[in-house]
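This report refers to the structure that appears directly beneath it.
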Amino acid sequence: MVGLVSEEENIKVVGLVSRTGRALQRYRKGRRQVVGCIPYRYNKPASSLDLEAPSSSSSQQDQLQLQVLLITSTKGKGMLFPKGGWELDESKKEAALRESIEEAGVRGIVQGKLGRWSFKSKSKDTWHEGYMFPLLVQHQFDFWPEHNHRQRIWMSISEAREVICQQWWMKEALERLVNRLTPRNNNNKLVRTGSVQCT
C-alpha cells in the first residue's frame, strides 16, 4: 500500500489511491478471496449533548452505545461493510485494514476473525469466500480514496440489522460481533438485546 496519512491541525486526510484490478487477487478452488471489516466504536447516544471523548469509568461506559459504520454500495443500492479482494502481498488483516481505509476512510485495530463465509456475487454468477474482522476505529479521515463514490454512516446495531439484510453473510458477521462484544452475566450467558429478522 502506498499512502500518506496526515492528522496535523485537526485535518484528517489519507492520501491513498485505491488498488484496482485483479492481477494480485487470491483465489482458492476457483473462489475469489474477499476480506472485510466491521468498523465499530462506542459512542454516547445521539440524545447526549456532551460530545467529549468518553472516559474509562464504568458508569460512563454503561451509557455508551455500540455503533457500526456502513458504506453505500457502488454497484447498486444498499449499505454494506467495507470489503474487497485479498491480495498476494498482504495478510488477511492487512487487506481488511486497507479496504476499511479505501472504502470507509477509517483505520484502527483489526481484531480476531469473526468467521469465513461462502457467498455468491450479486452482480456476477461467481462464488466468493469471505472473511470478516472487527475493526475498533481509532481514526476517521475527512477525505479518503473512495469519498467521491461512497457515503458512510454510523448506525446503532438495530439500524444496521435492518439495512444489511440483502447481504446475509454480513448480517451473520454482525451478529457474531454483537455476541462477542455483548456483556455476559455471572453464569457466562449472553445478555441479549434483541434482533431483527430479514424478510
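The residues of the chain are indexed from 1 along the displayed sequence.
- A pairwise comparison of heavy atoms in His147 and Phe143 identifies NE2-CD2, 3.5 Å as the closest pair.
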Pair His128, Trp169 - check side-chain contact (heavy atoms from CB on, under 4.5 Å), show working.
CA-CA 11 Å; His128 300 288; Trp169 66 282; over 6 Å; no
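- Atom CD1 in Ile71 sits 11.0 Å away from atom CD1 in Ile153 (nearest 0.5 Å).
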Could you walk me through whether Gln65 and Asn43 pass side-chain contact (heavy atoms from CB on, under 4.5 Å), step by step?
CA-CA 5 Å; Gln65 178 186 42; Asn43 202 15; 5.5 Å; no
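- A salt bridge does not link Glu103 to Arg152: none of the charged side-chain nitrogens sits closer than 4.0 Å to a carboxylate oxygen.
- Met132 has its side chain out of reach of Lys113: every pair of non-hydrogen atoms, C-beta onward, lies at least 4.5 Å apart.
- Leu174 and Trp168 fall within the same hydrophobic cluster, defined by Ile, Leu, Val, Met, Phe, Trp and Tyr side-chain heavy atoms under 4.5 Å apart, directly or through other members.
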Set out, in order, the CA-CA distance, both residues' side-chain angles and the distance that settles side-chain contact (heavy atoms from CB on, under 4.5 Å) for Gln167 and Phe81, then state yes or no.
CA-CA 10 Å; Gln167 302 284 344; Phe81 296 117; over 6 Å; no
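- Minimum interatomic distance between Glu129 and Phe119 (heavy atoms only, all atoms of both residues): C-CE2, 4.4 Å.
- Note that CZ of Arg28 and OG of Ser118 are 8.5 Å apart. Values are rounded to the nearest 0.5 Å.
- Inter-residue side-chain proximity for Met170 and Trp117 is flagged as unmet; no heavy-atom pair is nearer than 4.5 Å.
- Of all heavy-atom pairs spanning Trp86 and Ala95, the tightest one is CD1-CB, 3.9 Å.
- Summarising the geometry of Pro82 relative to Glu99, their closest heavy-atom pair is CB-O, 3.9 Å, with the distance given to 0.1 Å.
- Counting heavy atoms from C-beta outward, Trp154 and Val68 have side chains that stay 4.5 Å or more apart.
- Once rounded to the nearest 0.5 Å, the distance linking CZ of Arg41 with CG of Leu69 reads 8.0 Å.
- Note that CG of Leu181 is 4.0 Å distant from OH of Tyr42, once rounded to the nearest 0.5 Å.
- Panel note: side chain Gln33, backbone Arg31; a donor-acceptor pair is recorded below 3.5 Å.
- Residue Phe133 comes nearest to Ala96 through the heavy atom pair CD1-CB, 4.0 Å, listed as atom of the first residue, atom of the second, then distance.
- Taking CG from Leu66 and OG1 from Thr182, the interatomic distance works out to 7.5 Å, rounded to the nearest 0.5 Å.
- No hydrogens or angles considered: nothing links the side chains of Arg32 and Thr126 as a donor-acceptor pair under 3.5 Å.
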Could you check Ile38 against Leu114 for side-chain contact (heavy atoms from CB on, under 4.5 Å), going step by step and ending with a plain yes or no?
CA-CA 9 Å; Ile38 301 179; Leu114 293 167; 3.8 Å; yes
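- The shortest non-hydrogen separation linking Pro134 to Arg180 is CG-NH1, 3.6 Å.
- Using a cutoff of 4.0 Å between basic side-chain nitrogens and carboxylate oxygens, Glu94 and Arg98 are not scored as salt-bridged.
- In this structure, CG on Leu80 lies 7.0 Å from CG on Leu70, to the nearest 0.5 angstrom.
- Side-chain atoms of Thr72 come within 3.5 Å of backbone atoms of Gln151 as a donor-acceptor pair (strictly under, hydrogens ignored).
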